[in-house]
Amino acid sequence: MKQLQWGLGDTLGVYKDFMKGQKLPLVIDKLDENSNLLWIGDRRTDRVILYFHGGAFLLPAQFFVPPFWKHVQRELKSKGKETGFVMLQYSLVPTAMFPTQLKQAVLAVQHLISMGVEPQNIQLTGDSAGGNLVLQLLSHMLHPVPEVPILTLRAPFGGAYPMSPWVSLTGKTGSMITNGDSDVIGIEALSYWGRIVLYGVPEKYRPYLEPYYAPEDWFANLSSVVRRVLITAGDAECLRDEIVVFADRLSKNYPKLQFVMQDHGVHNDPYFDFLWPEKVQGVLTPMILDFFASN
């Protein structure tokens with residue numbers, strides 16, 4: 001795994017390459033716990049999207065991530081909703097195990113608050129493991145992890161959008177099997193990565209890393225920490241069934257939940273709109289834009 005991580009580089013390198021290609025200056029805020037906040041464009045305090053990248057907590061952000069969120073930024077500006085976008089560079093497993101990434105997410109929020117950003121003007125988002133980290137952060141606010149600084153805000157977050165969230169790291173049935181040939185990631189990789197991330201983590205922390213297995217009332221007070229939640233998944237992705245069950249349970253405690261399943265969609269499907277020279281916007285991207293614009 002460490003050889004693969006070495007070969008892929010790090011999130012900071014992906015960010016620097018993108019900013020160089022866009023002819024934009026680097027805007028980096030150094031945090032404690034060996035983490036950084038990486039801004040695409042200028043720092044802002046009026047409206048901010050805080051993004052946690054995916055990669056199973058083992059891999060850095062990928063090259064196709066910044067172009068998608070830069071597009072979101074441009075579209076929001078065209079709607080009169082200029083928004084700052086900032087990505088957390090967090091430490092990777094196995095060098096840093098749970099709850100390191102959660103600590104770094106808390107530090108990121110605390111930093112934005114210290115800049116003068118109001119909690120209701122912060123919208124959280126993340127894909128796959130990043131979506132898991134969004135849910136970890138919300139779980140921590142409801143059920144604080146003793147080793148992690150408490151995060152208490154004077155108002156709920158404006159919104160949270162987990163894209164194809166990795167809600168079960170140990171799933172082995174249903175769509176994990178049936179969608180193995182249609183998704184971009186298969187059961188073998190997901191199961192292997194899940195074992196690495198969970199290695200040595202006490203059972204009492206399972207609801208944080210695997211919200212699929214959280215008690216039914218775990219998110220009963222979710223409205224006290226976030227105003228709006230959107231979850232999306234793809235019909236053809238291996239994680240589909242776990243996401244569907246999790247979203248259904250969550251909606252019982254949080255009726256405002258917006259859940260969207262994309263027909264024939266794969267894991268993190270919106271990113272694939274930006275992998276080809278001819279950009280063809282899928283059905284989810286306009287919904288994502290509307291979600292962030294409506295805060």
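Since the structure is predicted, the reported quantities are computational estimates derived from the model, not experimental observations.
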- Verdict with reasoning, I40 to M87, per side-chain contact (heavy atoms from CB on, under 4.5 Å): CA-CA 8 Å; I40 295 180; M87 173 168 57; 5.6 Å; no
- Side-chain contact, heavy-atom cut-off 4.5 Å: F57 with Y90? yes
- Query: Do you know which two heavy atoms are closest between H140 and V145, and how far apart they sit?
  - Reply: ND1-N, 2.9 Å
- Query: Is any side-chain heavy atom of L198 less than 4.5 Å from a side-chain heavy atom of E210?
  - Reply: yes
- Message: Is the positively charged end of R44 above the ring of F85, judged by distance under 6.0 angstrom from the centroid and angle within 45° of the axis?
- Response: no
- Message: Pairing donors with acceptors under 3.5 angstrom, does anything connect the side chains of S91 and Q101?
- Response: no
- Query: With side chains defined as the heavy atoms from C-beta onward, is the minimum distance between F259 and M261 less than 4.5 Å?
  - Reply: yes
- Message: When you measure from the side chain of T100 to the backbone of M97, do you find a donor-acceptor pair of N or O atoms at a distance under 3.5 Å?
- Response: yes
- Message: Could you go through K20 and L26, starting from their C-alpha distance and side-chain angles, then the distance that decides it, and tell me whether this counts as side-chain contact (heavy atoms from CB on, under 4.5 Å)?
- Response: CA-CA 8 Å; K20 181 179 180 180; L26 302 179; over 6 Å; no
- Task: Search all heavy atoms of I243 against all heavy atoms of V167 and return the closest pair with its distance.
- Result: N-CG2, 4.0 Å
- K70 atom NZ, neighbour heavy-atom count above 12 within 6.0 Å: yes
- Task: For V226 and P156, work out which heavy atoms get closest and say how close.
- Result: N-CB, 3.5 Å
- Shortest non-hydrogen contact from R249 toward Y212: NH1-O, 2.5 Å
- Ionic contact status for K103 with D32, cut-off 4.0 Å: no
- Calculate, to the nearest 0.5 Å, the distance between atoms CE and CG belonging to M141 and L222 respectively. 9.5 Å
- Query: Could you give the distance from CG (L135) to CG (L102), rounded to the nearest 0.5 Å?
  - Reply: 11.5 Å
- Message: Show, in sequence, the C-alpha distance, side-chain angles and deciding distance for Q22 and F18, and conclude whether the side-chain contact (heavy atoms from CB on, under 4.5 Å) test is met.
- Response: CA-CA 6 Å; Q22 296 287 309; F18 174 75; 3.5 Å; yes
- Modelled atom types, side-chain donor and acceptor of Y271 and W69, under 3.5 Å: yes
- Task: Check the pair R195 / T170 against side-chain contact (heavy atoms from CB on, under 4.5 Å), numbers first and verdict last.
- Result: CA-CA 8 Å; R195 289 194 299 272; T170 53; over 6 Å; no
- Query: Taking side chain as C-beta onward, heavy atoms only, is V283 less than 4.5 Å from V260?
  - Reply: no
- Side-chain donor or acceptor of S168 paired with backbone N/O of G171 under 3.5 Å: yes
- Query: Any salt bridge between E237 and R240, counting N to O under 4.0 Å?
  - Reply: no
- Message: Please check: side-chain N/O of S175 versus main-chain N/O of D241, any donor-acceptor pairing under 3.5 Å?
- Response: yes
- Assess whether salt bridge (charged side-chain N to carboxylate O under 4.0 Å, His left out) is satisfied between E118 and R154, documenting all intermediate values. CA-CA 9 Å; E118 295 292 337; R154 56 178 170 266; 3.1 Å; yes
- Task: Without swapping roles, check the side chain of D273 against the backbone of T285 for a donor-acceptor pair under 3.5 Å.
- Result: no
- Message: Which heavy atom of A108 sits nearest to which heavy atom of L88, and what is that distance?
- Response: CB-CD1, 4.2 Å
- Answer yes or no: is there a side-chain heavy-atom contact under 4.5 Å between N121 and V48? no
- For the pair Y208 and Y205, name the ring-plane relationship: parallel under 30°, tilted 30 to 60°, perpendicular over 60°. perpendicular
- Message: Please check: side-chain N/O of R47 versus main-chain N/O of N295, any donor-acceptor pairing under 3.5 Å?
- Response: yes
- Note on the structure: Output for pair (M163 CE, T232 OG1), nearest 0.5 Å, gives 5.5 Å
- Query: Roughly how far apart are M287 CE and L230 CG, rounded to 0.5 Å?
  - Reply: 9.0 Å
- With rounding to the nearest 0.5 Å, note down the distance linking CG in L239 to NE2 in H267. 5.5 Å
- Message: Check whether Y161 reaches the backbone of R228 with its side chain - one donor and one acceptor, N or O, closer than 3.5 Å.
- Response: no
- Message: Within the structure provided, determine whether W39 and I28 are in side-chain contact (heavy-atom separation under 4.5 Å).
- Response: no
- Query: Among side-chain atoms of D127 and S164, is any donor-acceptor pair under 3.5 angstrom?
  - Reply: no
- Message: Looking at D46, I'd like to know if its CG atom is crowded, meaning that more than 12 non-hydrogen atoms belonging to other residues, nucleotides or ligands lie closer than 6.0 Å.
- Response: yes
- Query: When you look at NZ of K256, are more than 12 heavy atoms from neighbouring residues, nucleotides or ligands closer to it than 6.0 Å?
  - Reply: yes
- Are W218 and S139 close enough that some pair of their side-chain heavy atoms sits under 4.5 Å apart? yes
- Can you tell me if Q123 uses its side chain to pair, donor with acceptor, with the backbone of F292 under 3.5 Å? yes
- Report yes if some heavy atom in the side chain of T125 is under 4.5 Å from a heavy atom in the side chain of V134; otherwise report no. no
- Query: About how many Å separate NZ of K79 and OG of S294, when rounded to the nearest 0.5 Å?
  - Reply: 10.0 Å
- Query: Should we say atom NE2 of H143 is surrounded by more than 12 heavy atoms from elsewhere, each under 6.0 Å from it?
  - Reply: yes
- Does the D183 side chain pair with the main chain of C238, one donor and one acceptor, at a distance under 3.5 Å? yes
- So which heavy atom on N221 is nearest to which on L142, and how close? O-CD2, 3.4 Å
- Message: Given 3.5 Å as the limit, does a donor-acceptor pair link the side chain of N132 with the main chain of L209, or not?
- Response: yes
- Message: Using a 3.5 Å distance criterion without hydrogens, assess whether the side chain of D263 forms a donor-acceptor pair with backbone atoms of D235.
- Response: no
